[in-house]
Amino acid sequence: MSEKKDYSLLSGLTLAYVGDAIYEIYIRDFLIRSGQTKPNQMHRMATQYVSAKAQHYLIEEMIKENILTENEITVYKRGRNAKSHTSAKNTSVFVYRASTGFEALMGYLHLTDQKERLEELIKWSIKRIGEKNEK
């Protein structure tokens, strides 16, 4: 029998590593379930949700709308403030770091088995990006 791990002790970058993959899977699942079947088109559409700019926008909106708990904000900040040895591609360091924080939050919720909360925030994110794209 294995001990329950305390995933809150993981680094922000480790949480972001997992969160990036988890969030991407949910977005791909959403796109396929909404009728998208062409890989090139799905990739372009997924970028609207998973790019650093999109994730920065989402986390800023979550904070502005006060939908995150204090603990979730702490996890986000740990990811945002982590010293990464990779550089931002096509975006500023500020946006890149915020997106790392967003991914860290997704990874934390996944690893701590907070599936309901994870899915609540992802559904909110999908809806918010959809609304933004309609403008």
Side-chain angles (χ1 to χ4, degrees):
M1 191 163 113
S2 65
E3 293 178 32
K4 184 130 174 109
K5 287 196 182 271
D6 186 356
Y7 292 107
S8 66
L9 300 176
L10 291 175
S11 76
L13 293 178
T14 301
L15 292 172
Y17 175 77
V18 172
D20 175 53
I22 292 300
Y23 183 65
E24 177 113 12
I25 287 170
Y26 273 94
I27 295 304
R28 289 179 181 199
D29 186 68
F30 161 73
L31 292 173
I32 290 169
R33 290 179 190 277
S34 59
Q36 302 304 318
T37 57
K38 296 180 179 157
N40 286 343
Q41 189 176 5
M42 283 189 292
H43 178 73
R44 278 194 304 279
M45 291 181 79
T47 302
Q48 297 173 4
Y49 299 89
V50 302
S51 71
K53 289 176 184 161
Q55 292 174 350
H56 168 257
Y57 167 76
L58 290 168
I59 199 73
E60 291 291 315
E61 291 295 303
M62 287 177 185
I63 292 168
K64 192 185 328 178
E65 292 188 21
N66 203 27
I67 65 171
L68 299 177
T69 66
E70 286 298 317
N71 186 50
E72 290 167 348
I73 290 170
T74 299
V75 171
Y76 156 70
K77 286 180 179 178
R78 185 160 21 124
R80 181 196 67 192
N81 296 336
K83 300 289 183 246
S84 174
H85 297 290
T86 58
S87 60
K89 295 179 194 108
N90 306 317
T91 191
S92 71
V93 171
F94 175 78
V95 168
Y96 182 74
R97 285 192 167 180
S99 71
T100 301
F102 175 89
E103 292 170 347
L105 175 57
M106 298 296 124
Y108 174 79
L109 293 172
H110 170 72
L111 289 171
T112 56
D113 296 321
Q114 296 183 62
K115 184 176 182 179
E116 193 173 307
R117 179 63 171 158
L118 173 68
E119 290 181 351
E120 177 185 343
L121 290 179
I122 291 174
K123 283 177 186 167
W124 181 93
S125 296
I126 289 168
K127 183 174 184 242
R128 181 51 56 99
I129 293 293
E131 291 167 355
K132 183 179 183 226
N133 289 341
E134 288 173 5
K135 290 180 182 177

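Index from 1, following the sequence. What you see is a predicted model, and the numbers here were worked out from it, not measured in a lab.
Nearest approach of A52 to Y96, heavy atoms of both residues: CB-CA, 4.5 Å. Heavy atoms only, all atoms of each residue included: Y49 and F30 are closest at OH-CE2, 3.5 Å. Between A104 and G79 the shortest heavy-atom distance is CB-CA, 3.7 Å. Between E24 and V50, the closest heavy-atom pair is OE1-CG2, 3.9 Å. The two residues H43 and T47 make their nearest non-hydrogen contact at O-OG1, 2.9 Å. For the residue pair S125 and M62, the shortest heavy atom distance occurs at OG-CE, 3.3 Å.
Around atom CD of E70, no more than 12 heavy atoms belonging to other residues, nucleotides or ligands sit under 6.0 Å away. Other residues, nucleotides and ligands contribute more than 12 heavy atoms inside 6.0 Å of the CD atom of E131.
Rounding to the nearest 0.5 Å places CG of L15 at 12.5 Å from CG of D20. To the nearest 0.5 angstrom, E103 atom CD is 14.0 Å from H110 atom NE2. Atoms CE and CG, from M45 and N40 in turn, are 13.0 Å apart once rounded to the nearest 0.5 Å. With values rounded to the nearest 0.5 angstrom, M106 atom CE is found 8.0 Å from L58 atom CG. Note that CG of L10 and OH of Y17 are 13.0 Å apart. Values are rounded to the nearest 0.5 Å. Note that CG of L9 and OG1 of T14 are 11.5 Å apart. Values are rounded to the nearest 0.5 Å.
Y57 pairs in a side-chain contact (heavy atoms from CB on, under 4.5 Å) with only one of the listed residues (Q55, E60, E61, K53), which is E61.
Annotation: side chain of L121 is in contact with side chain of I67 (closest heavy-atom distance under 4.5 Å). Looking at I59 and L105, their side chains come closer than 4.5 Å, going by heavy atoms from C-beta outward.
For the pair S34 (side chain) and L31 (backbone), a donor-acceptor distance under 3.5 Å is present. Side-chain atoms of R28 never come within 3.5 Å of backbone atoms of M42 as a donor-acceptor pair (strictly under, hydrogens ignored).
Cluster membership check: L13 does not share its hydrophobic cluster with Y108, using side-chain heavy-atom separations under 4.5 Å among Ile, Leu, Val, Met, Phe, Trp and Tyr. If you chain together hydrophobic residues whose side chains sit under 4.5 Å apart, I122 and I63 fall into the same group.
A donor-acceptor pair shorter than 3.5 Å can be found between the side chains of E119 and Y26.
In summary, E72 and R117 engage in a salt bridge, as defined by a charged side-chain N under 4.0 Å from a carboxylate O.
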